[in-house]
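Heads up, the thing below is written out as structure tokens.
A quick note: this is a predicted structure, and the numbers were derived from the prediction, not measured.
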Amino acid sequence: MATATAARPARATGTPATPATPATPQTTKIARGPKGAPVIGSVRQMQRDSLGFMLRASKYGDVARMRLLLWDHYLVSHPSGVKRVLQENNKNYTKDVIDYNLLKAALGNGLLTNEGDSWLTQRRLMQPAFHRQRLAGFGTMMVDNTVRMLAERWKRAEARRRPVDVSVEMHHLTLQIVGMALFGRDMGGEVDQVGDALTRAQRRMTEQFYLPFLPWWVPTPGHLDFHDAVRELDSVVY
């Protein structure tokens with residue numbers, strides 16, 4: 001399932017009727033979705049169980065509409081719809097929405113959050129990293145790291161009869177793979193630091209998403225913790 005959240009058309013296009021053809025009334029089909037509560041919409045449902053809420057919303061059709069506080073959001077779950085939004089008709093949609101602005105505060109103006117000509121320039125600079133031969137090498141590296149994790153960390157836990165937290169282990173593995181793929185180095189020493197900083201930043205961004213009325217510069221405890229987490233991530237990258 002893929003999502004296109006709060007991406008509203010930047011402009012509308014259409015074919016005007018010719019003078020010889022009388023104009024015919026047109027109806028706009030509005031996507032259905034969970035009604036939610038007055039004023040706050042589906043915020044509480046989303047907070048309690050984000051994944052479950054998205055899965056239930058997808059039952060309303062290929063495009064589902066939901067309201068979170070003052071804004072309508074759309075869930076696009078059919079591959080053809082996702083292709084239309086992200087590829088075929090991407091200029092009709094914008095990333096200048098609360099979701100991406102929150103991500104931009106943590107991740108900067110990179111491929112995930114950027115758009116337009118600036119995004120295209122960045123994508124072309126990154127193109128060599130996605131060459132077929134490089135991707136094949138990434139696959140081998142991913143397998144090697146996974147086998148090493150199973151042989152070292154999981155075998156050690158099995159020998160000591162200790163449980164394995166799969167979520168933590170996969171987080172650790174992912175960060176190791178990212179370090180090798182992006183920076184060409186083993187980031188094993190920074191994995192715990194990055195994992196903790198990412199978790200804190202993500203938690204604060206989630207809180208800000210549901211209460212988006214205080215800008216990041218207001219020195220609340222949550223905002224200060226967010227900025228501290230971002231500084232940690234920057235220090236590892238630099």
Side-chain angles (χ1 to χ4, degrees), residues 1-16 26-34 41-42 46 50-68 70-142 170 174-175 177-183 198 201-202 205-206 208-209 212 233 237:
M1 179 176 68
T3 62
T5 309
R8 299 175 180 175
R11 62 178 183 272
T13 60
T15 303
Q26 294 184 351
T27 58
T28 301
K29 186 176 180 181
I30 299 177
R32 297 168 57 245
S42 300
M46 187 78 166
S50 300
L51 179 58
F53 173 72
M54 289 291 189
L55 290 172
R56 291 190 297 272
S58 68
K59 304 298 183 184
Y60 284 89
D62 294 341
V63 180
R65 179 170 60 96
M66 63 202 77
R67 185 169 57 83
L68 302 176
L70 304 177
W71 300 277
D72 283 336
H73 290 61
Y74 294 86
L75 171 68
V76 180
S77 53
H78 193 280
S80 62
V82 175
K83 183 178 181 181
R84 173 180 171 81
V85 172
L86 298 182
Q87 182 178 344
E88 295 174 343
N89 211 33
N90 64 87
K91 292 185 179 180
N92 259 31
Y93 301 88
T94 176
K95 293 181 180 179
D96 187 16
V97 291
I98 183 173
D99 314 55
Y100 281 101
N101 288 335
L102 286 173
L103 285 173
K104 191 178 293 186
L107 304 179
N109 201 33
L111 284 178
L112 180 61
T113 56
N114 202 0
E115 57 185 333
D117 293 338
S118 177
W119 177 91
L120 185 59
T121 299
Q122 291 178 334
R123 183 64 183 86
R124 287 171 175 166
L125 288 173
M126 292 287 292
Q127 186 64 36
F130 296 96
H131 190 275
R132 183 179 301 174
Q133 292 179 342
R134 293 291 302 276
L135 292 179
F138 289 162
T140 301
M141 180 265 294
M142 292 175 186
M170 294 306 295
T174 300
L175 290 175
I177 290 173
V178 167
M180 292 298 298
L182 298 183
F183 304 112
L198 280 175
Q202 185 176 23
M205 284 191 294
T206 301
Q208 186 78 351
F209 176 80
L233 293 173
V237 173

| request: Could you walk me through whether F209 and L68 pass side-chain contact (heavy atoms from CB on, under 4.5 Å), step by step? | output: CA-CA 10 Å; F209 176 80; L68 302 176; 3.6 Å; yes

Flag yes if more than 12 heavy atoms outside [X] fall under 6.0 Å of its [atom1] atom; otherwise flag no.
X    : atom1 : answer
M126 : CE    : no
Q133 : CD    : no
Q202 : CD    : no
R67  : CZ    : yes

Atom [atom1] of [X] and atom [atom2] of [Y]: how far apart are they, to the nearest 0.5 Å?
X    : Y    : atom1 : atom2 : result
D117 : T121 : CG    : OG1   : 6.5 Å
H78  : S58  : NE2   : OG    : 12.5 Å
D72  : I30  : CG    : CD1   : 9.5 Å
S42  : R56  : OG    : CZ    : 9.5 Å
L135 : T140 : CG    : OG1   : 11.0 Å

Could you report the tightest heavy-atom contact between [X] and [Y], atom names first, then the distance?
X    : Y    : result
A57  : P34  : CB-CD, 4.2 Å
A106 : M205 : CB-SD, 3.8 Å
G108 : T113 : O-OG1, 2.6 Å

Is [Y] close to [X] at the side-chain level, that is, under 4.5 Å between some pair of heavy atoms?
X    : Y   : value
Q208 : I98 : no
M54  : M46 : yes
Y100 : D96 : no
F53  : M66 : yes

Kindly say whether [Y] contributes a backbone atom to a donor-acceptor pair with the side chain of [X] at under 3.5 angstrom?
X    : Y    : result
N101 : V97  : yes
N114 : L111 : no
R65  : R32  : no
K95  : L112 : yes
Q122 : N109 : yes

| message | Apply side-chain contact (heavy atoms from CB on, under 4.5 Å) to residues R84 and V76 and explain how you reach the verdict. | response | CA-CA 10 Å; R84 173 180 171 81; V76 180; over 6 Å; no

| field | Derivation of the side-chain contact (heavy atoms from CB on, under 4.5 Å) call for L175 and L198 | value | CA-CA 11 Å; L175 290 175; L198 280 175; 4.1 Å; yes

